[in-house]
Amino acid sequence: MTLDLRSGTALEAAAVDVTGTVDVSFTLNGRSVVLAVEPMRRLTQVLREQVGLTGTKVGCDAGDCGACTVLMDGEPVCACMVQAARLDGATVETVEGLAERDGLPHRLQQAFLRFGAAQCGICTPGMLMSAVALLRRCPHPTEQQVKDALGGVLCRCTGYSKIIQAVMRANEQLPEAARAEAGTAVGCRLDRLDGLAKVLGTDIFGADEWPQDSLVVRVVRSPFHRARFRFGDLDGFVARHPGVVCVLTSADIPGRNLHGVIAPLADQPVFAEGEARFKGEAVAAVVGEDAAMRHLDLAALPVEWEELPAVLTPPEALAEGAPAVHLARAGNVLVRGLVRHGDPQAAMPQADAVVEGSYSTGFIEHAYIEPEAGWARRVGDRIEIAACTQAPYMDRDDMAAILGLPPEAVRIIPTAVGGGFGSKLDLSLQPFVALAAWKTGRPARIVYSRTESMATTTKRHPSAVTARIGARRDGTLVAMEFEGVFNTGTYASWGPTVANRVPVHASGPYRHPNYEARSVAVHTHTAPAGAFRGFGVPQSAVAQETLFDELADRIGMDRLEFRLLNALDNGVQTVTGQVFAQGVGIRRCFEALREPWRTARAEAAAFNAASDGRLRRGVGVAGMWYGCGNTSLPNPSTIRLGITAEGRVVLHQGAVDIGQGSNTVVTQVCADALGLPVEQFTLVGADTDVTPDAGKTSASRQTFVSGKAAYLTGRALRSQVLLRLNAAPDARLTLDGPCIRAGDRVLDLRTLEADARGYVLSAEETFDPPTAPLDENGQGEPYAAFGWGAHLAEVEVDTDLGRVRVLRLVCAHDVGRAVNPTLIEGQVEGGSAQGLGLALMEEFIPGRTENLHDYLIPTAGDVPEVRTILIEEADAHGPFGAKGIGEQVLIPTAPAILNAIRDATGVLVRHLPVTPDRLRRALREQG
Amino acid sequence: MAKYMRARSLDQALECLARGPCRIIAGGTDVFPALGDKPIRDDILDISGLCALRGITHEPEAGHWRLGALTTWTDVIRADLPPWFDGLKLAAREVGAVQIQNAGTVAGNVCNASPAADGTAALLALEARVEVSGPQGLRLMPLGDFVTGVRRTALGPGELVTAVVVPDGGADPGVADFLKLGARHYLVISIAMVSVVLRLRGDGVIGRAAVAVGSCSPVARRLTALEARLTGRAPRALAALVEAADADELSPIDDVRATADYRREAALTLVRRSLTRCEEALR
């Protein structure tokens with residue numbers, strides 16, 4: 001017999017329209033709240049839009065990312081999946097309730113700041129709330145307990161290590177914050193200067209703030225990879241939908257309906273005209289009042305679609321008779337790249353051993369946790385656009401062209417950026433909100449859905465690579481041939497950059513007397529492939545570095561020593577004929593791995609000897625080089641520094657901090673160049689109206705290029721002060737209110753006249769790294785400096801299931817000078833986690849994996865212990881010798897893991913990702 | 001315009017359902033992801049306030065344990081339950097992550113009828129039944145009959161799942177296990193999963209064996225031939241009893257997570273491992 005729960009009087013449940021409201025009474029961060037809510041509104045929306053608490057972030061609206069974690073009745077839940085009506089009687093705690101009064105951070109928030117656990121900060125509130133629930137039950141958790149508690153929150157920046165550390169140590173005595181005297185900031189583990197807002201959850205991302213009375217924009221997108229389309233009665237649609245203000249199409253664009261990050265190749269329309277060329281391409285945007293837009297069914301917009309045959313892969317696109325993605329680009333080829341050095345075809349027969357292999361990788365999604373968001377408003381004849389971006393000045397110029405305005409009439413105000421990794425270099429939402437604001441005269445805002453973000457923004461290029469490498473019996477390289485086909489998607493985006501960078505870098509950091517690398521970027525009807533941490537180099541490194549292991553084995557050399565033997569050095573020609581007199585640090589990186597390599601190999605051998613064969617361990621290494629800044633193109637950054645009469649030192653730092661730390665690093669460099677402590681600096685963040693152009697946050701250039709500009713600016717201002725005081729070049733400066741002192745000489749700033757910006761002293765300097773063009777054989781000096789590195793991976797393979805666990809990574813990087821070691825470790829841990837994802841789990845399939853449960857990125861449970869070894873082989877151009885690190889950290893991880901899997905099992909999987917089924921099939925084929 | 005109704009009692013809920021079809025929401029972990037940014041078209045019946053439906057109770061006179069429809073996965077993890085619930089507890093820890101376990105319900109997982117429902121395999125191995133309330137009163141259905149296909153159940157018009165019940169294991173020692181295989185840790189949809197429940201007889205041999213496999217067929221399946229082979233055996237070297245043909249009861253598909261061939265093989269690998277783990281637990 002079963003208990004019958006029916007009881008009481010059968011009162012009818014009151015039915016309300018889902019768009020109507022019900023009253024709920026609940027406790028929010030300790031206070032009683034009564035609200036009228038739409039019953040099925042997501043709690044995230046209630047908190048953010050109704051209550052104004054935007055610390056709770058929205059990453060996916062599907063429970064896949066955990067960014068919206070709040071505590072409901074004390075337990076962590078995803079606020080995006082709590083219906084508002086359920087709030088009645090509940091207790092809700094958000095990140096805003098975590099901090100002490102007066103914005104004093106909770107000790108967990110302090111720990112996040114101190115240990116560098118927040119990079120971009122978008123996952124931080126979700127991490128904090130998940131962790132605080134654990135810490136209440138268990139004040140001193142183990143690593144496993146922390147991972148279990150944080151497993152439901154994705155982070156794409158940090159690689160989780162520092163977050164786990166912060167949670168484990170939150171209830172211990174925290175280390176004091178590092179402080180740097182004047183002139184000692186470089187090399188110091190300062191807390192991230194913009195970190196407090198990130199750990200408090202008060203940083204303002206693209207979706208977190210908007211002008212009152214903003215209209216909401218939603219974009220209508222192609223449901224097909226390729227389709228002809230025709231609009232029906234759009235005016236009728238607007239008339240039938242109260243609250244909808246207008247529908248925007250290509251006809252509403254006052255300027256040109258084209259944009260692109262490489263101006264001469266600009267080919268991407270804001271709205272497709274007549275034919276949509278990838279699934280998710282925008283064809284129209286609906287603009288209206290928030291309440292109306294929230295309940296609008298976009299599918300009701302009258303569009304007739306006629307699906308057309310599409311090409312989704314390069315072989316299809318290159319086939320005879322394939323439909324042209326762009327009529328002007330014959331054969332669907334966007335661009336080809338070539339580097340040729342020596343004569344590999346003639347030399348190859350002299351090799352004692354030759355290895356060859358074909359490889360492939362798929363689309364990789366950036367999967368930052370912040371979907372694109374922002375707003376725009378018209379101010380007279382100007383437009384202001386606040387959005388997440390990595391490239392404010394490029395946005396400005398492209399938006400000016402789209403709106404038919406002079407560049408000065410466009411103001412780009414980057415919001416905090418919740419991860420970028422290359423994709424937020426390209427325009428996404430900006431044209432939609434700008435056009436809406438321009439046309440209606442009212443501010444307009446947009447927040448992309450996760451699916452919209454994944455389906456329509458740029459991806460890492462899928463690659464198909466074939467390479468052949470030969471060596472002599474003594475281990476010296478004889479020749480290398482490389483050919484890479486890259487799927488560049490519908491539009492040019494950064495396809496040419498990938499096609500140019502790959503042939504330069506496909507050699508790896510080695511001396512190749514004879515080398516030829518060819519690349520081609522091929523258009524298909526897929527989302528544009530663009531910039532993603534490494535611009536094609538991670539893909540080429542997979543081929544070259546795994547072939548190196550096979551080659552070393554063939555000639556019977558230790559795999560690490562083989563690399564060392566062939567490693568580049570000062571005074572040795574690279575494959576583009578460039579010779580560096582200084583700054584080549586790759587040998588030291590490999591040397592730093594010798595001891596870990598020996599130890600790890602011995603441990604793996606002992607493990608395998610004792611194993612029944614089901615679990616096997618292996619160790620792999622891989623090297624990397626990566627040029628800082630644009631390839632043989634101008635790449636300037638400008639930084640401004642001013643001092644007011646009151647003695648405020650203001651740094652106009654326009655290098656967008658997307659979590660990597662440029663706000664902090666650029667300031668550290670500038671402070672030491674000027675000779676005043678960082679804490680006396682006030683930062684003015686990127687804004688095209690108030691910060692000079694510091695270029696894009698891309699190509700690992702901000703520390704190197706903008707850092708150098710900051711260095712030059714700091715030195716220039718210092719010279720002015722010294723000149724006015726007639727002080728010695730090495731004089732110690734101090735600033736005390738309006739008085740600046742050098743030794744015993746005092747300059748009263750109030751006696752000086754202020755310029756138009758209010759500064760009595762100011763300097764503005766530009767740095768453009770010296771490069772030389774590449775000739776028709778790709779010979780020349782593409783970069784002023786390279787970053788160098790090598791990773792060692794230890795893996796355990798479950799051979800019956802093909803499942804790989806990465807146990808440990810040892811990452812040696814030559815950073816020239818470690819300006820802030822904590823931030824660099826953060827880059828290494830986060831970048832290598834992305835490399836791990838590339839190796840083992842990530843593949844974007846257009847139309848199929850447009851969410852964060854089908855597209856997998858590593859969780860807290862997947863990342864290994866990461867040991868970072870920093871090498872400082874100073875570069876003559878870099879600020880205090882510093883080089884870039886942002887992309888370098890990702891490149892060697894995947895090949896090191898593949899080499900470790902091969903070391904463990906004898907099987908090399910050449911088609912990524914190495915999912916369990918692929919590895920298991922390879923193991924079976926091996927027998 | 002779609003309506004929203006929040007039930008204050010089971011009767012209210014059933015009356016709502018009697019008036020017409022509704023999308024039922026409890027923990028919200030399936031409803032909201034499916035909704036995306038589309039407008040709500042279906043009438044919604046919110047049963048999340050029916051506190052009486054939450055919790056796990058032992059009902060010896062009925063010979064079963066009752067998991068009320070609003071019992072969350074965290075409730076399962078924290079409940080004091082006999083050892084043959086260990087497989088269900090392990091499955092509970094694999095449902096999404098903590099956030100999902102705190103909100104998602106056992107009954108919701110069953111009703112959502114995903115081939116990859118972590119709970120279904122474990123509940124099948126426990127020979128769970130689904131308690132359905134409706135216009136005709138209560139009925140109990142075997143879980144294997146309740147879930148009829150991908151996203152399909154035997155829930156009729158006007159009906160609501162009010163509990164999942166698990167038959168009492170009796171006094172005989174039992175052991176249970178659950179293994180999930182995914183391409184990452186946490187927040188992952190299974191490539192394959194296996195749950196095993198073994199109950200010993202007084203003489204120390206296996207009296208009843210249940211082996212269920214999920215994510216390898218439209219609905220999680222029991223490997224009945226293997227179960228028959230296991231019955232009557234002493235709990236030793238059980239993995240050797242698994243035969244390649246046992247996978248014939250499965251009908252996996254190729255998808256973004258794995259190929260069908262791989263699933264077939266991996267499922268049996270997991271079964272062997274789970275049997276060995278059960279053996280070890282019995283020692």
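Residue numbers start from 1 in every chain, and the chains themselves are labelled A, B, ... in the order their sequence lines are given, proteins ahead of strands.
Classification of B/D261 and A/R924 as a salt-bridged pair fails, no side-chain N sitting under 4.0 Å from a carboxylate O.
Residue B/K3 touches chain A through both its backbone and its side chain, counting heavy-atom pairs closer than 4.5 Å. Heavy atoms closer than 4.5 Å to chain A are found nowhere in B/L50, neither backbone nor side chain. Interface remark: B/D37 contributes backbone and side-chain atoms alike to the contact with chain A (heavy atom separation under 4.5 Å). For chain A, the nearby part of B/T269 is the side chain; its heavy atoms alone come within less than 4.5 Å. Neither the backbone nor the side chain of A/L150 comes within contact range of chain B; no heavy atoms are under 4.5 Å apart.
Residues of residues 855-863 of chain A lying under 4.5 angstrom from chain B, judged on non-hydrogen atoms, are A/L856, A/I857, A/T859, A/A860, A/G861, A/D862 by number. Using a 4.5 Å heavy-atom cut-off against chain A, the contacting residues of residues 98-107 of chain B are B/V98, B/Q99, B/I100, B/N102, B/A103.
A donor-acceptor pair under 3.5 Å links the side-chain atoms of B/Y262 to the main chain of A/L801, judged by distance alone. Judged by distance alone, with hydrogens and angles left aside, the side-chain atoms of A/R803 form a donor-acceptor pair with the main-chain N or O of B/G182 at under 3.5 Å. Under a 3.5 Å cut-off, the side chain of A/R920 and the backbone N or O of B/A266 do not form any donor-acceptor pair.
The CG atom of A/D798 sits 4.0 Å away from the CZ atom of B/R273 when rounded to the nearest 0.5 Å. Atom CG of A/D917 sits about 8.5 Å away from atom CZ of B/R263, to the nearest 0.5 Å. One finds the CD1 atom of B/I40 at 8.0 Å from the NE2 atom of A/H295 (value rounded to the nearest 0.5 Å). The structure places CD of A/E75 at 8.0 Å from OG1 of B/T72, a figure rounded to the nearest 0.5 Å.
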